[in-house]
Amino acid sequence: WKAEDEELSKIIKRHWDDADNAWEISQFDRYLELILFGTFLLRPFVNTHNGHVKVSPVDPAWIEDIIPHPNIAGRASALKIKRRSESVEGKTETWKVVETAETDPKNPDAQGLLKGDVFYFTVNKLTFLNFGMSDLYRLADWLDAFDQFVFSLMERINFLNAHLYDITIEGAEQPEIDERATALEMKPPRPGSFRIHNEKEKWEALAPKINAAEVQEVANIIKMLILGSMWIPEAWYSDGGDTNKSTIEGQAPPILRKMKRKQAQWVQVLTTVIQFQVDQAVLAKRLTPEQAAAGFQIIPPDLSSKDV
């Protein structure tokens with residue numbers, strides 16, 4: 001990020017580097033929560049003396065109900081929160097979602113500034129819905145099926161390393177067969193050893209068979225369905241196939257565009273939180289409206305095919 005005004009830059013840096021906020025490191029885990037749950041809650045705690053803001057993630061499972069905005073489709077106005085802890089179990093609270101304040105006779109200075117009890121961010125939703133969905137939601141069943149498929153295949157491969165002997169003793173009666181079987185069970189042949197017998201006893205090693213071609217075909221079908229849904233080229237999953245350097249580079253633009261959209265979503269999250277910090281500094285008289293108006297910019301790293 002960068003800010004032109006020196007005082008504004010100090011305010012943002014203090015928030016960014018705060019030991020509890022630790023955006024430089026914690027933003028990666030927080031972004032992971034956003035895409036895994038489809039919803040990311042962040043509760044701000046404001047020091048009323050100097051306007052400094054600390055933020056704390058909130059478990060989305062605490063949401064009991066979402067109160068929609070009366071005028072804007074797809075936007076939440078407040079959340080019914082039921083904390084999952086021993087001290088407050090069963091208690092439901094209403095948290096107002098952070099949004100731009102309208103005219104407030106009690107606090108005219110807050111007009112046009114962000115205010116609220118909780119940040120509520122969502123991804124992967126239709127415009128008229130108030131809740132988001134995980135990036136893995138549509139793939140969960142297929143990922144589970146692929147995991148079970150590979151696990152079952154590993155069990156079959158373990159059986160391939162085992163074998164048994166089919167032993168035929170010509171002309172032997174059942175008592176003789178039972179006697180020979182008991183002897184072999186007590187002292188089975190060791191690997192690398194040898195057997196000496198007459199022409200009436202025949203040994204044949206038997207092992208299970210696996211149709212590798214069919215297994216590979218099924219695995220590829222499931223894998224390509226998963227990768228295709230995520231816009232990931234097959235060659236990027238350690239499976240070159242018939243690709244070469246030229247085709248791999250040609251496959252980069254679609255996934256790069258998707259990654260840039262994801263990046264823009266997170267930039268919007270950071271921009272909203274930092275703007276809230278700036279607004280609180282204005283209310284605490286740490287910044288003038290003119291200094292705040294100088295603005296700031298979140299600068300994400302450039303993406304290229306070398307990054308992926």
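In this chain, residues are counted from 1 in sequence order.
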Nearest heavy-atom pair of Pro300 and Ile298: which atoms, and what distance?
CD-O, 3.3 Å

Other residues, nucleotides, ligands: >12 heavy atoms within 6.0 Å of Lys13 NZ:
no

Non-hydrogen atoms of Ser134 and Asn124 that approach each other most closely:
C-ND2, 3.7 Å

With a 4.5 Å cut-off on side-chain heavy-atom distances among I, L, V, M, F, W and Y, is there a chain of contacts connecting Tyr137 to Leu225?
no

Interatomic spacing from OG1 in Thr39 to CG in Leu34 - rounded to 0.5 Å:
8.0 Å

Judged by atom type as modelled, is there a donor-acceptor pair below 3.5 Å linking the side chain of Gln277 to the main-chain atoms of Val53?
yes

Where do Ala284 and His49 come nearest, in terms of heavy atoms and distance?
CB-O, 4.1 Å

Is the OH atom of Tyr31 crowded by more than 12 outside heavy atoms at less than 6.0 Å?
yes

Hey, what's the ring geometry for His15 with His52, parallel, tilted or perpendicular (30° and 60° as the breaks)?
perpendicular

Counting only heavy atoms from other residues, nucleotides and ligands, does the tally under 6.0 Å from CG of Asp141 exceed 12?
no

Residues, nucleotides or ligands: over 12 heavy atoms within 6.0 Å of Lys262 NZ
yes

I'd like to check the ring pair (Phe, Tyr, Trp, His ring centres under 6.0 Å) partners of Phe37; sequence neighbours left out, ordered by chain and number.
none

Around Glu201, counting heavy atoms of other residues, nucleotides and ligands shown, do more than 12 lie under 6.0 Å from its CD?
yes

Between Pro68 and Ser77, what is the shortest heavy-atom contact and its length?
O-CB, 3.7 Å

Compare every heavy atom of Gln291 with every heavy atom of Leu287, then report the nearest pair and how far apart it is.
CA-OE1, 3.5 Å

Which one of Val55, Val269, Ile25 satisfies the side chain to side chain contact (heavy atoms under 4.5 Å, CB included) criterion with Arg30?
Val55

Which atom pair, heavy atoms only, marks the closest approach of Asp5 to Ala294?
CB-CB, 4.0 Å

Within the side chain of Glu176, is there an N or O that forms a donor-acceptor pair under 3.5 Å with the backbone of Glu173?
yes

Could you tell me whether Gln174 atom CD has more than 12 heavy atoms of other residues or ligands within 6.0 Å of it?
yes

Sequence neighbours left out, what passes ring pair (Phe, Tyr, Trp, His ring centres under 6.0 Å) with Phe296? Give chain and number order.
none

Geometric class of the Phe40/Phe121 ring pair [parallel <30°, tilted 30-60°, perpendicular >60°]:
parallel

Check: Gln27/Trp266 side-chain N/O donor and acceptor closer than 3.5 Å
yes

Does Glu170 come within less than 4.0 Å of Lys202, counting only side-chain N to carboxylate O?
yes

Go through the structure and list residues passing ring pair (Phe, Tyr, Trp, His ring centres under 6.0 Å) with Trp95, not counting sequence neighbours.
none

Does CH2 belonging to Trp16 count more than 12 external heavy atoms closer than 6.0 Å?
yes

Can you tell me if CZ on Arg43 sees more than 12 non-hydrogen neighbours from other groups inside 6.0 Å?
yes

Between Ile72 and Val118, is there shared hydrophobic-cluster membership here, with clusters defined by ILVMFWY side-chain heavy atoms closer than 4.5 Å?
no

